[in-house]
Amino acid sequence: MGTVVLGTGSCLPERVLTNVELESIVETSADWIQSRTGIEARRIGGEGEKTYQLATEAARKALSAAGVAAEELGLIVVGTISSHMLMPSTACFVQTELGAKNAFAYDLNAACSGFLYGMDLADKYIRADHTMKVLVIGAETLSSRLNWQDRNTCILFGDGAGAAVFGHSDSDRGIIGSNMFSDGSLWQLLYMHAPESCNPDLLVEGNTGAYIQMEGREVFKHAVRAMEDSVRGLLEREGISRDSLNLVIPHQANMRILTNLIDRLEIPMSKVFINVAKYGNTSAASIPIALDEANMSGLIAQGDTILFCSFGGGFTWGATLIKW
Ligand code: ACO
């Protein structure tokens, strides 16, 4: 018996930004982006598509699929690094929009690992209180946090939101385990400054703006190794063989990271769900969007063993196993 997913949902902005369109924004080529990252397009938030609005829409779909009323929620956690305000949290906006008046709500900053960290939290809360229903959302509008003159970063990311409602089940299904890590010592490889301090004594040296900055090659190496280690460790600890996995849903960073990782893990590509070509890297939203798409496409059956893994700024990374 354990913590199960009761329903999933997702929401993507309408505006599609293709690689060809990017050629007129920054010095790049559609072929370069496609061959180095596998990304063909990404969604860009517009009016009515702020982070909390995408998150709320994804949540509404997840609640409806779960057959759970907003008032039944005990907790709302939103993984995000691109809230439209620093305070209140995106989670509090979502709570109000949904009318989830019995839930407490907060955001979680773990970059691309936000949804997996949130799933781990949901599991712990629900194990402590079997009546609890937890809504976990990954939502981003990273288009608002990019330097559109920096071709190293602006081609990689996109906007969107995904959500899942978790609850307790007396069956043998549920979250099997997770293996989570962080290493703050490597923060300079991937970071985003806060807005400039209002207190002159607390100005941060080298604050070049509140947008993503990255050493791409270094991030690539760390991401592949870290996800491989966390997956291997988790499978070994839980006594689960790679052959018994039905589906793998990795963070959709880019195609080269994914193929490198999957090759190292010796898992057939046919078991891996990939949608990075359509949406780019949507950070905390990437896993729940992929989960919802896999779920809605009928790729997941009750009793399936599903592996998730992620890596992001912090660094943060980890892996989670669930028996669906
Ligand atoms: N268009 C055209 N040329 C470009 C572009 C671009 N958008 N970006 C970089 N280049 C150029 C560089 O300037 C460089 O030119 P030079 O040789 O004349 O100096 C050349 O392409 C090679 O640059 P590299 O950075 O070495 O290219 P690389 O093959 O490493 O690919 C990439 C870059 C795609 C960013 C890769 O390093 C990568 O995938 N890193 C992982 C980053 C990532 O996914 N971060 C997301 C957050 S963390 C996560 O989600 C896991």
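The structure displayed is predicted, hence computed values, not measured ones. Throughout, residue positions are numbered sequentially from 1 according to the sequence presented.
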Open item on the list: Could you tell me if the side chain of Leu98 sits less than 4.5 Å from the side chain of Leu63, heavy atoms only?
Closed with: yes
Task: Asp159 side chain to Thr141 side chain, donor-acceptor N/O pair below 3.5 angstrom - done: no
Open item on the list: Between Glu47 and Arg15 (salt bridge meaning N to carboxylate O under 4.0 Å), is one present in this structure?
Closed with: no
TODO: For the residue pair Met214 and Leu189, establish whether any side-chain heavy-atom pair is separated by less than 4.5 Å.
DONE: no
Task: Polar contact flag, side-chain donor to acceptor under 3.5 angstrom, Ser197-Asn199 - done: no
Open item on the list: If you define the side chain from C-beta out and look only at heavy atoms, does anything of Ile176 sit under 4.5 Å from Ile240?
Closed with: yes
- [ ] Any pair with a residue in residues 245-265 that passes salt bridge (Lys or Arg N to Asp or Glu O under 4.0 Å), sequence neighbours left out, goes on the list, sorted by first then second residue, please.
- [x] Glu228-Arg264
Open item on the list: Hydrophobic clustering (ILVMFWY, side-chain heavy atoms < 4.5 Å, transitive) - are Ile175 and Phe308 grouped together?
Closed with: yes
Open item on the list: Under a 3.5 Å cutoff, is there a donor and acceptor pairing between the side chains of Ser230 and Asn179?
Closed with: no
TODO: State whether the side chain of Ser64 and the backbone N or O of Arg60 hold a donor-acceptor pair below 3.5 Å, judged by distance alone.
DONE: no
Open item on the list: Just by distance, no angles: are the side chains of Asn19 and Arg42 close enough, under 3.5 Å, to form a donor-acceptor pair?
Closed with: yes
Open item on the list: Under 3.5 Å, is there a donor on one side chain and an acceptor on the other for Thr51 and Thr90?
Closed with: no
TODO: Would you check if Ile289 and Tyr279 make a side-chain contact, meaning some heavy-atom pair closer than 4.5 Å?
DONE: yes
- [ ] Go through the side-chain N and O atoms of Ser182 and Tyr117 and say whether any donor and acceptor fall under 3.5 Å apart.
- [x] yes
Open item on the list: So, taking the atom named CD1 in Ile33 and the one named CG in Asn254, what distance separates them when rounded to the nearest 0.5 Å?
Closed with: 12.0 Å
- [ ] Look up atom CD in Glu49 and atom CD in Glu14, then write down how far apart they are to the nearest 0.5 Å.
- [x] 6.0 Å
Open item on the list: For Ala194, is there any backbone N or O sitting under 3.5 Å from a side-chain donor or acceptor partner on Asn207?
Closed with: yes
Open item on the list: Return the CZ to CG distance between Phe104 and Leu73, rounded to the nearest 0.5 Å.
Closed with: 11.5 Å
Task: Aromatic ring proximity, centroids under 6.0 angstrom, Phe311 and His222 - done: no
Task: Main-chain N/O of Asp31 paired to Gln34 side chain as donor or acceptor, under 3.5 Å - done: no
Task: Backbone of Leu299 reached by a side-chain donor or acceptor of Ser297 within 3.5 Å - done: no
- [ ] Hey, could you give me the CZ/OG distance between Arg173 and Ser171, rounded to the nearest 0.5 Å?
- [x] 4.0 Å
Open item on the list: Would you say that Leu22 contacts Trp148 through its side chain, given a criterion of any heavy-atom pair below 4.5 Å between the two side chains?
Closed with: yes
- [ ] Give a yes-or-no answer on whether the side chains of Thr56 and Gln53 include a donor-acceptor pair shorter than 3.5 Å.
- [x] no
Open item on the list: Within the 3.5 Å criterion, strictly below it, is a donor on Thr131 or Asp129 matched to an acceptor on the partner's side chain?
Closed with: yes
- [ ] Answer with yes or no whether the side chains of Glu140 and Ser283 bring together a donor and an acceptor at under 3.5 Å.
- [x] yes
Task: Side chain Ser113, main chain Thr316, donor-acceptor under 3.5 Å - done: yes
Open item on the list: To the closest 0.5 Å, what do you measure between NE2 (His251) and OG1 (Thr282)?
Closed with: 7.5 Å
Task: Ala91 backbone acceptor or donor facing Asp107 side chain under 3.5 Å - done: yes
Task: Salt-bridge criterion met for Asp120 and Lys124 (N-O under 4.0 Å) - done: yes
Task: Side chain Asn102, main chain Glu72, donor-acceptor under 3.5 Å - done: no
TODO: Return the minimal non-hydrogen interatomic distance between Val94 and Ala55, and the atom names on each side.
DONE: CG2-CB, 3.8 Å
Task: Heavy-atom side-chain contact between Met132 and Leu75 under 4.5 Å - done: yes
Open item on the list: Between Asp123 and Met119, is there a side-chain heavy-atom distance shorter than 4.5 Å?
Closed with: no
Open item on the list: Quick check against the 3.5 Å criterion: does Glu57 have a side-chain atom that pairs as donor or acceptor with the backbone of Leu54?
Closed with: no
Open item on the list: Whether Lys278 and Glu293 form a salt bridge (side-chain N of Lys/Arg under 4.0 Å from carboxylate O of Asp/Glu) is what I want to check.
Closed with: yes
TODO: Assess whether atom CD of Gln188 is packed by more than 12 heavy atoms of other residues, nucleotides or ligands within 6.0 Å.
DONE: yes
Open item on the list: Through direct or indirect side-chain contacts below 4.5 angstrom among Ile, Leu, Val, Met, Phe, Trp and Tyr, which residues connect to Leu86?
Closed with: none
Task: Sidechain N-carboxylate O distance under 4.0 Å for Lys323, Asp304 - done: no
Task: Any donor-acceptor N or O pair under 3.5 Å, side chains Asn295, Thr8 - done: yes
Open item on the list: For Thr208, is there any backbone N or O sitting under 3.5 Å from a side-chain donor or acceptor partner on Tyr211?
Closed with: yes
TODO: Treating Ile, Leu, Val, Met, Phe, Trp and Tyr as nodes and any side-chain heavy-atom pair under 4.5 angstrom as an edge, say whether Val68 and Val5 lie in one connected cluster.
DONE: no
Open item on the list: Taking the side chain as everything from C-beta on, heavy atoms only, tell me whether Val272 gets closer than 4.5 Å to Ser270.
Closed with: no
- [ ] Output yes when a side-chain donor or acceptor of Ser286 lies under 3.5 Å from a complementary backbone atom of Gln252, and no otherwise.
- [x] yes
Open item on the list: Less than 6.0 angstrom separating the ring centers of Phe93 and His84, yes or no?
Closed with: yes
